[in-house]
Protein chains: 2
Amino acid sequence: MREAHKTEATEDYVELIDDLICVNGEARLVDVASRMGVTQPTASKTLARLQRDGYISSEPYRSIFLTPMGKSLADESRLKHEIVFEFLQTIGVSKEAAKRDSEGMEHHVSDETLKAFKKLIRQYKS
Amino acid sequence: MREAHKTEATEDYVELIDDLICVNGEARLVDVASRMGVTQPTASKTLARLQRDGYISSEPYRSIFLTPMGKSLADESRLKHEIVFEFLQTIGVSKEAAKRDSEGMEHHVSDETLKAFKKLIRQYKS
DNA sequence: GTATAAACTAAGCCTTGGCTAAATTGTAAA
DNA sequence: TTTACAATTTAGCCAAGGCTTAGTTTATAC
Ligand SMILES: [Mn+2]
Ligand SMILES: [Mn+2]
Ligand SMILES: [Mn+2]
Ligand SMILES: [Mn+2]
C-alpha cells in the first residue's frame, strides 16, 4: 500500500529485536510474538520474511540476530520513534497518548519533519 | 495489523470520494483509481468492501455516493488531514514534505495530539 | 443509429499479515 | 535418563490490497 506502509512491520520488528537483545541478551521468538501482540506462528512467518530480505539471521530453534542492515534500520527507527515520542510530550500530549501515537507516526515522518521536531524540542527546553 | 492501520485505506477513500463529489459533482471509479494511484480493478474491489461495510453506495456502472456514515468519516478524516498539514507547515516543514507526511500521519494522531497541534498553530499565529 | 472508445466488472493470480491446530525439537525436572 | 513442558516450526485457512487479462456496459463520435 502506501510507500511508508510496507516497511512499517519491518521497522517495528527490527527495533523490537534490537531492544530484546539489549535488555535480555537475546531475542527469542516467544518474546517477539508476545511484545508484538501476535501469535508465535505469525511472528515466525514475519521473521522468515525478514530473514529472506536480509534484515535478520537465525538458525532453526535458535534465537534471532540482526544483520548489519537490520541493525542500522533498527537504530534509525528507534531514533525516529524516540524523537516523535519526546516531541509529542514536549507539546503537551500525555505520555500514554504520546506512546500510542508515536508508534504509528514514527513511520511517516520525513527527515525534514524530524528536524523541525528536534528544533522545537530544543526551543522548549530553553 | 496495527489498529489504526486497518482503517487507513477506508479513510483515504472516503475522503477522496467526498473531494471528488465536491470538485467534480460526482465520484467515478476511474478518478478514484487514478488519484489513489492504483488500477481500476483494485479500486473497484476496495469500493466493494467499502459498500459492504456501509461507507458508500453505488449501482453497477454508476458513480459512487457516500452514506451518512461514510460522509462523517470523510469529514473527520479531512479535518485531521488539514490540521496535521497546517501544523507541519507552521513549525517550518516545507509544503511538499508536509503534504507527504500528513498523508500518513493523519491516521495516527489521537484527538489529544490533534488538540495540541491546534493549540500550537494558534500560538504561532499570534 | 451504429461503430468505437472509454469505463467498469469478472476472474484469477500474488504477497502480507493474521489465525488455529498439530507436529517437532529443545530443555529442565524428576 | 527418561519424561514432561516449553518453544518453535509446519500446514492450512482467511481477508486486504495489489496486479493482469479478458469480457461487458455505457457513452461518444460520426
Ligand atoms: Mn517503533
Ligand atoms: Mn511503529
Ligand atoms: Mn487524508
Ligand atoms: Mn492518508
Side-chain angles (χ1 to χ4, degrees), chain A residues 1-17 20-21 23-65 70 73 77 103-104 106-108, chain B residues 1-17 20-21 23-65 70 73 77 103-104 106-108:
Chain A
M1 198 202 258
R2 297 249 148 310
E3 315 75 51
H5 242 207
K6 262 195 348 200
T7 51
E8 282 191 38
T10 302
E11 289 172 14
D12 284 338
Y13 270 85
V14 295
E15 195 187 336
L16 171 56
I17 290 164
L20 287 171
I21 291 172
V23 171
N24 298 350
E26 65 174 350
R28 294 160 54 94
L29 173 64
V30 63
D31 299 314
V32 171
S34 98
R35 286 271 298 267
M36 291 298 294
V38 298
T39 61
Q40 290 181 207
T42 294
S44 184
K45 202 198 287 190
T46 302
L47 292 174
R49 182 172 57 75
L50 260 55
Q51 182 154 23
R52 183 200 67 194
D53 295 344
Y55 293 101
I56 67 171
S57 69
S58 78
E59 308 283 307
Y61 293 95
R62 297 263 87 96
S63 65
I64 303 141
F65 301 91
L73 181 60
S77 299
E103 184 58 54
E106 60 172 341
H107 310 287
H108 302 276
Chain B
M1 196 202 260
R2 299 247 148 311
E3 315 74 50
H5 242 208
K6 264 196 344 201
T7 51
E8 282 190 39
T10 303
E11 289 171 14
D12 285 338
Y13 270 85
V14 295
E15 195 186 335
L16 170 57
I17 289 164
L20 288 170
I21 290 172
V23 171
N24 298 349
E26 64 173 350
R28 293 160 55 94
L29 173 64
V30 63
D31 298 314
V32 171
S34 98
R35 286 272 297 268
M36 290 298 296
V38 297
T39 61
Q40 287 182 208
T42 293
S44 183
K45 201 198 287 192
T46 302
L47 291 175
R49 183 172 57 75
L50 261 56
Q51 182 154 22
R52 183 201 67 194
D53 295 344
Y55 294 100
I56 66 171
S57 68
S58 80
E59 309 283 308
Y61 293 96
R62 296 264 87 95
S63 64
I64 302 140
F65 301 91
L73 181 60
S77 299
E103 185 57 53
E106 59 172 342
H107 310 287
H108 302 277

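Every chain is numbered from 1, with letters handed out A, B, ... down the list of sequences. Every heavy atom of this structure was used, including side-chain atoms; hydrogens, water molecules and symmetry mates were not.
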Check: protein-nucleotides 14-17 of chain D nitrogen or oxygen pairs below 3.5 Å:
from, atom 1, to, atom 2, distance (Å)
dA16(D), OP1, R52(B), NH2, 2.8
dA16(D), OP2, R52(B), NH1, 3.4
dG17(D), OP2, R49(B), NE, 2.5
dG17(D), OP2, R49(B), NH2, 2.1

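- Annotation: proximity of residues 23-35 of chain A to DNA chain C (heavy atom, distance under 4.0 Å) is found for no residue.
- Checked against salt bridge (Lys or Arg N to Asp or Glu O under 4.0 Å), R62(A) has no partners two or more places apart in sequence or in another chain.
- Between S44(B) and dC8(C) there is no side-chain N or O to OP1 or OP2 distance below 4.0 Å.
- Across all strands, P41(A) comes closer than 4.0 Å to base atoms (heavy-atom distances).
- Across the protein-nucleic acid pair, Q40(B) atom CD and dA10(C) atom C1' stand 14 Å apart, rounded to whole Å.
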Restricting to nitrogen or oxygen on both sides, can you table the protein-nucleotides 27-29 of chain C pairs closer than 3.5 Å?
from, atom 1, to, atom 2, distance (Å)
dT27(C), OP1, R62(A), NH2, 3.0

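- Atom CG in L47(A) sits about 13 Å away from atom C1' in dA7(D), given to the nearest Å.
- Among pairs with a residue in residues 50-59 of chain A, none fulfils salt bridge (Lys or Arg N to Asp or Glu O under 4.0 Å), at least two apart in sequence or across chains.
- Residues E11(B) and E106(B) have side chains not in contact (no heavy-atom distance under 4.5 Å, counting atoms from C-beta outward).
- Here T42(A) pairs with V38(A), T39(A) under the side chain to side chain contact (heavy atoms under 4.5 Å, CB included) rule; sequence neighbours left out.
- With sequence neighbours excluded, the residues satisfying side chain to side chain donor-acceptor pair (under 3.5 Å) with E8(B) are H5(A), H108(B).
- Here the side chains of D12(A) and H107(A) are in contact, with some heavy-atom distance below 4.5 Å.
- Under the side chain to side chain contact (heavy atoms under 4.5 Å, CB included) criterion, T10(A) pairs with R49(A), L50(A), Y55(A), L73(A), sequence neighbours left out.
- Rounded to whole Å, the distance from CD on E59(A) to C1' on dT24(C) is 17 Å.
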Would you list the atom pairs, donor with acceptor, under 3.5 Å between side chains in residues 23-36 of chain A and any protein atom, with sequence neighbours excluded?
from, atom 1, to, atom 2, distance (Å)
E26(A), OE1, S63(A), OG, 3.3
R35(A), NH2, D19(A), OD2, 2.9

